[in-house]
There are 2 protein chains.
Amino acid sequence: MAFTQSMAVQSERYKDSHLEVDFSHSAAALDSRRMVLTRKEYELLALLVQNAGEIIPREALLWRVWGYSNQIRTRTLDVHIRRLRKKLGDYSSQYIETIFGIGYRFQPFRAPRAFQDFTAVA
Amino acid sequence: MAFTQSMAVQSERYKDSHLEVDFSHSAAALDSRRMVLTRKEYELLALLVQNAGEIIPREALLWRVWGYSNQIRTRTLDVHIRRLRKKLGDYSSQYIETIFGIGYRFQPFRAPRAFQDFTAVA
DNA sequence: ACGGAGTTGTAAAAGTTTTGTAAAAAGCGG
DNA sequence: CCGCTTTTTACAAAACTTTTACAACTCCGT
């Protein structure tokens with residue numbers, strides 16, 4: 001069977017050397033150990049991970065995860081970020097970056113090396 | 001995400017180190033002792049067991065066992081889960097897991113957990 | 001370097017929703 | 001009716017989310 005690269009379809013899964021997220025199962029694992037996340041925690045993580053390397057403004061997060069329109073004053077995002085970071089343990093500072101005055105950014109562990117050459121496992 | 005049973009492998013019986021379910025005879029045994037189950041209790045257990053490792057949403061259980069459509073407010077599922085758990089005795093916490101806000105999941109006894117079985121959303 | 005305004009971090013409290021449970025009520029076949 | 005099963009009721013308990021209150025930090029102008 002030929003390997004076919006799906007088109008613009010977003011990947012069903014994220015994986016780096018420590019974190020793994022299975023979007024189709026709404027599941028995440030850190031160092032192969034299941035992460036126990038609440039729904040909001042998962043949604044937040046998924047959104048960040050799906051946009052790895054990109055800054056996501058607070059407004060966007062609040063809209064996509066909470067459905068909040070602008071101009072709503074709430075600290076729930078911060079609290080959820082904190083809980084996520086806690087569950088990411090020692091890696092949290094590697095993974096979730098605060099962009100002051102704008103939002104947050106998820107960074108793949110140890111910087112992404114654009115399309116790693118898959119030396120096909122022969 | 002829609003719950004689908006199409007992926008479930010249909011087998012005539014289930015067996016692990018403590019629990020055995022014979023679907024063709026609608027019978028179950030715990031540690032080789034026959035479980036005395038009512039009809040609904042059996043149907044609920046069977047549905048869970050046939051989808052071992054998978055989360056079954058409340059809605060799906062209510063539909064498949066009770067024929068209830070959505071939007072019906074009832075606690076009968078919870079009550080049946082409780083009775084089942086009671087009859088599973090000490091193993092109940094091993095077997096029937098509550099997935100908060102979603103539904104329930106039956107886990108084979110002490111099964112080595114594969115990543116796919118993990119569900120972050122609690 | 002300093003200071004202030006605004007932003008983010010954090011712990012704990014408060015609020016909301018979901019699930020667990022016992023007991024009563026209702027349903028059902030014999 | 002009777003006995004068993006199922007469902008509802010009414011709270012209790014647990015899980016989850018949001019707010020609160022204040023500490024800590026960042027940016028930026030002076």
Side-chain angles (χ1 to χ4, degrees), chain A residues 26 28 34-48 55-90 92-106, chain B residues 26 28 34-48 55-90 92-106 119-122:
Chain A
S26 300
R34 169 192 185 183
M35 288 182 76
V36 179
L37 301 172
T38 67
R39 198 193 314 261
K40 283 278 197 305
E41 283 167 1
Y42 169 78
E43 286 177 14
L44 181 55
L45 176 64
L47 193 48
L48 288 165
I55 296 172
I56 311 184
R58 293 179 68 92
E59 295 175 358
L61 293 167
L62 283 170
W63 172 246
R64 302 267 321 258
V65 176
W66 282 268
Y68 287 178
S69 322
N70 263 346
Q71 315 288 349
I72 290 186
R73 196 191 68 81
T74 177
R75 310 300 319 289
T76 196
L77 169 57
D78 306 75
V79 174
H80 276 82
I81 285 285
R82 163 159 166 62
R83 297 209 184 109
L84 255 188
R85 281 176 165 154
K86 210 165 198 172
K87 293 185 179 178
L88 286 172
D90 297 332
S92 65
S93 56
Q94 268 277 342
Y95 282 130
I96 299 184
E97 187 181 352
T98 301
I99 311 299
F100 189 90
I102 302 183
Y104 295 92
R105 172 169 53 189
F106 175 89
Chain B
S26 299
R34 165 162 193 134
M35 289 181 76
V36 180
L37 300 173
T38 68
R39 181 133 209 83
K40 282 280 198 302
E41 283 166 2
Y42 169 77
E43 286 178 16
L44 181 55
L45 176 63
L47 193 47
L48 287 165
I55 296 171
I56 311 185
R58 294 179 68 93
E59 294 175 0
L61 293 167
L62 284 170
W63 172 246
R64 300 278 313 266
V65 177
W66 283 268
Y68 288 178
S69 322
N70 262 347
Q71 315 287 350
I72 291 187
R73 196 191 67 82
T74 177
R75 317 281 296 111
T76 195
L77 168 57
D78 306 75
V79 174
H80 277 82
I81 286 285
R82 165 163 163 59
R83 297 209 185 107
L84 256 187
R85 281 177 165 155
K86 210 164 198 172
K87 294 185 179 177
L88 286 171
D90 297 333
S92 65
S93 58
Q94 269 277 342
Y95 282 130
I96 300 184
E97 187 181 354
T98 302
I99 310 300
F100 189 93
I102 302 183
Y104 295 92
R105 172 169 54 188
F106 175 89
T119 299
V121 176

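Throughout, protein chains are lettered first and strands after them, A, B, ... in sequence-line order, and every chain is numbered starting at 1.
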Whole-Å distance, A:Leu61 CG to D:dT18 C1', equals 17 Å
Aromatic ring pairing B:Tyr95/B:Phe106, orientation class (parallel under 30°, perpendicular over 60°, tilted between): parallel
Please tabulate, one pair per line, each protein N/O and nucleotide N/O from nucleotides 6-11 of chain D that are separated by under 3.5 Å, including the distance.
from: D:dT6; atom 1: OP1; to: B:Lys40; atom 2: N; distance (Å): 3.1
from: D:dT6; atom 1: OP2; to: B:Thr38; atom 2: OG1; distance (Å): 2.3
from: D:dT7; atom 1: OP1; to: B:Trp66; atom 2: NE1; distance (Å): 3.2
from: D:dT7; atom 1: OP2; to: B:Trp66; atom 2: NE1; distance (Å): 2.6
from: D:dT7; atom 1: OP2; to: B:Thr76; atom 2: OG1; distance (Å): 3.0
from: D:dT7; atom 1: O4; to: B:Arg83; atom 2: NH2; distance (Å): 2.9
from: D:dT8; atom 1: OP2; to: B:Thr74; atom 2: OG1; distance (Å): 2.6

A:Asp78 atom CG is separated from D:dA24 atom C1', nearest whole Å, by 13 Å
Mind calculating the distance between CZ (B:Phe100) and P (D:dA13) to the nearest angstrom? 16 Å
Any donor-acceptor pair under 3.5 Å from A:Arg85 side chain to A:Ile96 backbone: yes
In sequence, state the C-alpha distance, the side-chain angles, and the governing distance for B:Leu77 and B:Tyr104, and then conclude on side-chain contact (heavy atoms from CB on, under 4.5 Å). CA-CA 10 Å; B:Leu77 168 57; B:Tyr104 295 92; 4.2 Å; yes
Please report the distance, rounded to the nearest Å, between CZ in A:Arg85 and P in C:dT8. 11 Å
Taking only side-chain N and O atoms of A:Thr98, does any of them lie within less than 4.0 angstrom of OP1 or OP2 on C:dT7? no
Against B:His80, only a single residue in B:Lys40, B:Arg75, B:Glu43 fulfils side-chain contact (heavy atoms from CB on, under 4.5 Å); can you say which? B:Lys40
Base, sugar-phosphate, or nothing: which does A:Ile102 touch, judged by heavy atoms less than 4.0 Å apart? sugar-phosphate
Taking for A:Lys86 and for A:Ile99 the nucleotide of DNA chain C with the nearest heavy atom, the one nearer the 5' end belongs to A:Ile99
So, taking the atom named OG1 in A:Thr76 and the one named CG in A:Leu62, what distance separates them when rounded to the nearest 0.5 Å? 8.5 Å
Rounded off to whole Å, could you give me the OH-to-P distance for the A:Tyr42 and D:dC16 pair? 16 Å
At under 4.0 Å, does any side-chain N or O of B:Tyr104 touch on OP1 or OP2 of C:dG20? yes
Gap between atom CG of B:Leu45 and atom CZ of B:Arg83 - 0.5 Å precision: 15.0 Å
